[in-house]
Amino acid sequence: MTVTSKGFAAALRSATPWQHARISGIGGYRPRRVVPNSEIVERIDSSDEWIRERSGIIERRWAGDGESVIDMSVFAAEPALEMAGVKGSDLDAILVATVSWPYQTPAAAPLVAERFGSTAMAVDISAACAGYCHGITMANDMVRGGSAENVLVVGVERLSDFTSRDDRGTAFIFGDGAGAAVVSRSETPGIGPTIWGSDGEKWEAISQTESWIDVHEQKLDWPHIGMQGQTVFRWAVWGMAPVAQRALDAAGVTVDQLDAFIPHQANVRIVDAMAKQLGLPDDVAVARDIAYTGNTSAASVPLAMERMVRQGEIPRGGLALQIGFGAGLSYAAQVVTIP
Ligand code: UT7
């Protein structure tokens, strides 16, 4: 039996969907402490040369006191809100993508909201390096669906807390930082269809070394993030370029129409291999923020975009293809208009 209610129908009508959404502001925060390769190499029997050659990383940032996940989120969100012309207290929703907020609960997002004097809907996204691109899609759908006008999407990590200084496979890769975007209503389309998915069969390729239950029951040390480097490398190089191509096709955009390619900053060799497979023309700017920022997981795509916009490397209003991929395994890619 169908129950109808005039009040419910009227309420649905009043939640008018908006046709389009766009990224209206972008911001980033890089911790003060610069950590060159020379500080890492001794404990993992490595060299500056090896790290540069195999990953493209020259230095990364590690957060210090007064640079918590919440602090960094706020520092990145402030310039993004300013660019968007939106007050923090006027946000309708806050999505924080992170895997390094050290509380099982509550999520980081309500604490970020509180710092802006906001009582907006606020939740975290746990999709590791793909989390920010998931957040952009979710914000896009929320704005277009009528449940929010302005959404703050933050990608933030303090991975130095979850990285073993003695793990040869990860100690040199990860860094700390935050990137943020505001997604707002728009007169014109600004966020293309997302191609996203997961491959849970490969969940062990990047994961916390032990579960909290194992840590507790077996009285183990603090767990860190472990990675089967070559497995992830192969998956990223051969699996992710086709996903990025599908995002282009879904948006009806060809490579020669792109202004920027902003993939997750996992390894510069992965970035270069993807750019080659996509057949990007030379005049498409390719993000290589990893050299001075390391791999900041959820923060890497917005941090890379923020740098390119700030340095005038890419035109505001132009088109960028962005893709996040990592633990899960999970991935998400879309074409966006550069704010
Ligand atoms: O953000 C989430 C997604 N993450 C990624 O996409 C990361 C994907 N993986 C990678 O970027 C790469 O696998 C790494 C950069 C982590 C490692 O580079 P690799 O070229 O895959 O190194 P490998 O593990 O194949 O090791 C190659 C050689 C080995 O020596 P032999 O057997 O060839 O003599 C290793 O023992 O390099 C040696 N090696 C090292 N040498 C100096 C491994 N790690 C190190 C090290 N320093 N840190």
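Each ligand, and each atom within it, is numbered from 1 in the order the structure gives. Keep in mind that what you see is a predicted model, and the values were worked out from it rather than measured. Worth knowing before you read on, the calculation uses all heavy atoms, side chains too, and leaves out hydrogens, waters and symmetry mates. Position 1 is the first residue of the sequence; numbering continues from there.
Annotation: the span from C133 atom SG to H264 atom NE2 amounts to 10.0 Å, rounded to 0.5 Å.
Residue-level proximity to ligand 1 for C129 is carried by the side chain, the only part with a heavy atom below 4.0 angstrom. Contacts with ligand 1 closer than 4.0 Å are made by side-chain heavy atoms of W50 only, the backbone lying farther away. At a 4.0 Å heavy-atom cut-off, ligand 1 does not touch T170 at all. Contact annotation for I51 and ligand 1: no heavy atom of the residue comes within less than 4.0 Å of the ligand.
Of all atoms in ligand 1, numbered sequentially from 1 with element shown, those under 4.0 Å from a heavy atom of I270 are 6 (O), 8 (C). Listed by atom number, the atoms of ligand 1 under 4.0 Å from V232 heavy atoms are 3 (C), 4 (N), 5 (C), 6 (O).
The protein non-hydrogen atom at the shortest distance from atom 18 (O) of ligand 1 is R269 NH2, 3.6 Å. The protein heavy atom nearest to atom 47 (N) of ligand 1 is S46 OG, 2.6 Å. Among protein heavy atoms, atom 11 (O) of ligand 1 sits closest to N267 ND2, 2.7 Å. The closest protein non-hydrogen atom to atom 20 (O) of ligand 1 is R54 NH2, 2.7 Å. Atom 24 (O) of ligand 1 has its closest protein heavy atom at Q230 NE2, 4.0 Å.
A salt bridge links R43 with D166: the closest approach of a Lys/Arg side-chain nitrogen to an acidic carboxylate oxygen falls below 4.0 angstrom. D289 has a carboxylate O that lies under 4.0 Å from a charged side-chain N of R30, or vice versa, which qualifies the two as a salt bridge. A salt bridge links R288 with D272: the closest approach of a Lys/Arg side-chain nitrogen to an acidic carboxylate oxygen falls below 4.0 angstrom. Between D141 and R144, no side-chain nitrogen of the basic residue sits less than 4.0 Å from a carboxylate oxygen of the acidic one, so the salt-bridge criterion is not met. Checked for salt-bridge contact, E39 and R33 meet the test: a charged N lies under 4.0 Å from a carboxylate O. The pair E67-R32 counts as a salt bridge, with a side-chain nitrogen and a carboxylate oxygen less than 4.0 angstrom apart.
Taking the six-membered ring for Trp and thresholds of 30 and 60 degrees, W222 and W212 have ring planes inclined between 30 and 60 degrees apart.
Considering only non-hydrogen atoms, atom 13 (O) of ligand 1 lies nearest to G229 out of G169, A171, G229. Of the listed residues (M240, R168, Q228), the one carrying the non-hydrogen atom nearest atom 36 (O) of ligand 1 is R168. The heavy atom nearest to atom 6 (O) of ligand 1, out of those in G324, A266, G326, is found in A266.
Note: an N/O pair closer than 3.5 Å links N295 and ligand 1 by distance alone.
Side chain to side chain, N140 and T137 fail the donor-acceptor criterion of an N or O pair below 3.5 Å.
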field: side-chain hydrogen bond (donor to acceptor under 3.5 Å, both in side chains) between Q334 and Q322, worked out
entry: CA-CA 6 Å; Q334 65 265 118; Q322 57 181 28; 2.9 Å; yes

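Under the 4.0 angstrom criterion for non-hydrogen atoms, S297 is not in contact with ligand 1.
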